[in-house]
Amino acid sequence: NHACTANESRRLSFDEIAFYKPYSQVTDHNAIDLDQKVMEDYLNMATDTSFDIAKNIYMNGGHSKSIARIKLDQPLKSVMKKGTEVIGEKQMGGDLKASALIDIKIGVQEFELRYATSEKQDTHVTCQVGALPDAKLDGCFPSAGNFSWTAVNLNTNQPENIIASYTYDPAIDNVNGRTLMSFSTNAEDRMYTCMSCPYYDYKLFYLYYGEYDYAHQFIEAAFNGGKTQFLKGNADFGLYGFKGRASEYEIITPYVLQQL
């Protein structure tokens with residue numbers, strides 16, 4: 001079967017992850033490890049400033065699910081369906097693709113576009129900003145320019161090419177829809193109340209601590225040098241210095257990432 005052979009050849013091109021060969025594109029999910037790496041670098045600096053930077057990355061990300069919040073110069077005249085491919089230009093030149101996160105109605109001017117990702121981990125997305133002190137802006141949309149996309153003309157019911165101008169602030173309006181914090185703060189929906197939930201291990205932790213976002217509360221207390229307020233198993237991070245609090249963060253992080 002030529003279709004199967006071609007599909008297998010395509011799937012075999014995915015990069016290995018710690019000796020594991022994925023059979024679908026997971027580069028954007030896997031990029032959360034880059035947030036972890038940068039955070040640990042700042043935690044190891046062991047200062048108030050470095051801890052603040054690490055906390056900001058934990059909360060707001062920088063590498064995974066990169067999103068541009070843009071504003072068109074004129075309101076939309078046709079619906080932009082979820083997943084619609086939008087083509088713009090990189091700051092350093094060349095085409096740059098993104099897609100609509102949701103259905104966007106006629107008359108809307110401000111909305112979010114998710115940058116396209118590739119199968120290669122090292123270059124999975126060209127725009128990496130979020131809370132990163134060393135943001136990569138060259139691969140983002142420039143502060144002003146034009147987008148083009150295909151939409152259905154309401155009068156003719158035929159597809160047509162749309163070109164629209166936009167503005168945004170690349171340093172502020174490039175954000176991340178997937179962060180380390182979100183794995184814990186979204187855990188109730190994704191690991192306890194979803195259709196196939198609850199996850200067995202997660203349920204045990206929830207019943208013990210009495211909080212759906214127990215991992216986030218641990219980490220927040222470690223960052224702030226404060227106390228947790230659980231039913232059981234509380235910790236007082238005020239008893240630790242920078243090194244001890246950083247060490248506790250590294251121990252707790254796997255519980256944040258249970259969804260992976």
Side-chain angles (χ1 to χ4, degrees), residues 15-18 25-71 88-99 101 112-145 166-185 216 219-220 222-225 241-243 245-250 252-254 256-257 260:
D15 290 348
E16 286 189 357
I17 303 171
Q25 185 176 317
V26 295
T27 50
D28 202 35
H29 278 80
N30 193 46
I32 202 72
D33 281 356
L34 299 176
D35 284 359
Q36 174 81 4
K37 172 63 169 64
V38 177
M39 281 183 56
E40 290 182 2
D41 290 343
Y42 279 97
L43 287 172
N44 289 332
M45 294 179 188
T47 67
D48 286 327
T49 299
S50 69
F51 262 58
D52 286 343
I53 292 171
K55 182 178 180 180
N56 199 18
I57 296 169
Y58 164 73
M59 295 173 63
N60 297 300
H63 295 97
S64 188
K65 200 174 182 179
S66 295
I67 292 168
R69 293 175 172 167
I70 61 94
K71 181 178 182 180
E89 189 176 78
K90 299 176 186 177
Q91 290 200 36
M92 59 184 177
D95 285 349
L96 180 57
K97 296 179 180 180
S99 60
L101 281 170
E112 296 181 338
L113 295 172
R114 180 177 179 179
Y115 286 97
T117 58
S118 75
E119 298 175 355
K120 296 298 180 182
Q121 193 67 62
D122 290 345
T123 56
H124 85 284
V125 67
T126 59
C127 182
Q128 297 175 354
V129 185
L132 299 176
D134 299 317
K136 295 181 179 179
L137 291 163
D138 287 348
C140 305
F141 293 120
S143 58
Y166 73 91
T167 57
Y168 86 131
D169 185 334
I172 296 174
D173 296 325
N174 282 305
V175 298
N176 292 86
R178 184 181 297 113
T179 68
L180 284 162
M181 184 179 76
S182 69
F183 280 93
S184 180
T185 55
H216 166 62
I219 289 174
E220 190 170 47
F223 274 128
N224 298 334
F242 288 121
K243 294 294 186 180
R245 287 156 55 195
S247 177
E248 288 297 315
Y249 168 80
E250 293 174 7
I252 296 164
T253 303
V256 174
L257 300 176
L260 291 179

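Treat the numbers as computed from the prediction; the structure is a model and nothing was measured.
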Student: For the backbone of L96 and the side chain of Y115, can you confirm whether one donor and one acceptor N or O come within less than 3.5 Å of each other?
Tutor: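 Looks like no, no N/O pair under 3.5 Å.
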Student: With rounding to the nearest 0.5 angstrom, report the NE2 to CG distance, H63 to N30.
Tutor: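 The distance works out to 12.0 Å.
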Student: Which atoms form the tightest heavy-atom contact between P142 and K90, and what is the distance?
Tutor: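 It is CD-C, 4.1 Å.
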Student: Between D41 and K37, does any NZ, NE, NH1 or NH2 come within less than 4.0 Å of an OD or OE carboxylate oxygen?
Tutor: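 D41 and K37: salt-bridged.
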Student: Got N60 and V175 here, is their nearest side-chain heavy-atom distance under 4.5 Å?
Tutor: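 The answer is no; the side chains never approach within 4.5 Å.
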Student: Once you round to the nearest 0.5 Å, how far does OG of S184 lie from NE2 of H216?
Tutor: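 Those atoms lie 7.0 Å apart.
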Student: Write down the atom of A144, the atom of T167, and the distance for their closest heavy-atom approach.
Tutor: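 Between these two residues, the closest heavy atoms are CB-CG2, 4.1 Å.
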Student: Report the distance from atom CG of D173 to atom SG of C140, rounding to the nearest 0.5 Å.
Tutor: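 That separation rounds to 11.0 Å.
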Student: Just wondering, do D28 and R114 contact through their side chains at under 4.5 Å, heavy atoms?
Tutor: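 Yes, at least one pair of side-chain atoms sits under 4.5 Å.
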Student: Would a 4.5 Å heavy-atom cut-off, applied to side chains only, mark K65 and L101 as touching?
Tutor: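 Yes; the side chains approach each other to less than 4.5 Å.
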Student: Check step by step if side chain to side chain contact (heavy atoms under 4.5 Å, CB included) holds for L180 and Q36.
Tutor: CA-CA 8 Å; L180 284 162; Q36 174 81 4; 3.8 Å; yes
Student: Kindly say whether L137 contributes a backbone atom to a donor-acceptor pair with the side chain of Q91 at under 3.5 angstrom?
Tutor: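 Yes; at least one donor-acceptor contact below 3.5 Å.
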Student: Where the side chain of K243 meets the backbone of N44, is there a donor-acceptor pair that is under 3.5 Å apart?
Tutor: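 Confirmed, K243 side chain pairs with N44 backbone.
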Student: Look only at the side chain of N176 and the backbone of G62, and say whether a donor-acceptor pair between them is shorter than 3.5 Å.
Tutor: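 The answer is yes, because a donor-acceptor pair under 3.5 Å joins these two groups.
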Student: Can you name the residues that form a salt bridge (charged side-chain N to carboxylate O under 4.0 Å, His left out) with K136, not counting sequence neighbours?
Tutor: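 Residues passing salt bridge (charged side-chain N to carboxylate O under 4.0 Å, His left out) with K136: none at all.
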Student: Are the side chain of T185 and the backbone N or O of M181 linked by a donor-acceptor pair below 3.5 Å?
Tutor: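 At least one qualifying donor-acceptor pair exists.
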Student: Working to the nearest 0.5 angstrom, can you tell me the gap between F242 CZ and D48 CG?
Tutor: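 These two atoms lie 4.0 Å from each other.
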Student: How would you list, by chain and number, every residue that makes a salt bridge (charged side-chain N to carboxylate O under 4.0 Å, His left out) with E112, sequence neighbours excluded?
Tutor: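 Once residues adjacent in sequence are excluded, the partners of E112 under the salt bridge (charged side-chain N to carboxylate O under 4.0 Å, His left out) criterion are R69.
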Student: Roughly how far, to the nearest 0.5 Å, is OG1 of T179 from CG of N56?
Tutor: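 If I round to the nearest 0.5 Å, the distance is 10.5 Å.
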Student: Any idea which heavy atoms bring G88 and F141 closest together, and the distance?
Tutor: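 Closest heavy-atom pair between G88 and F141: CA-CE2, 3.8 Å.
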Student: Is there side-chain contact between Y42 and T47, with heavy atoms separated by less than 4.5 Å?
Tutor: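 No, too far: nothing below the 4.5 Å cut-off.
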Student: Given 3.5 Å as the limit, does a donor-acceptor pair link the side chain of H124 with the main chain of H29, or not?
Tutor: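 No: the side chain of H124 does not pair with the backbone of H29.
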Student: Looking at every non-hydrogen atom in both residues, tell me the closest pair between I57 and D35 and how far apart they are.
Tutor: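 Minimum heavy-atom contact is CG2-O, 4.0 Å.
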Student: Say whether Y168 and N174, considering side chains only, have a donor N or O and an acceptor N or O under 3.5 Å apart.
Tutor: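 The criterion, which ignores hydrogens and geometry beyond distance, is satisfied for N174 and Y168.
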Student: Is it true that a side-chain atom of S118 and a backbone atom of T123 form a donor plus acceptor pair closer than 3.5 Å?
Tutor: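 Indeed, once roles are kept as given, a pair shorter than 3.5 Å links the two residues.
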Student: Parallel, tilted or perpendicular: which fits the ring planes of F51 and F223, with parallel below 30° and perpendicular above 60°?
Tutor: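 Rings of F51 and F223: perpendicular, as their planes differ by over 60°.
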Student: Please check this pair: side chain of T117 against backbone of V125, looking for a donor-acceptor N/O pair closer than 3.5 Å.
Tutor: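 Checked: no pair found.
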Student: Please round to the nearest 0.5 Å and tell me the distance separating atom CD1 of I32 and atom OG of S182.
Tutor: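 It is 6.5 Å, given to the nearest 0.5 Å.
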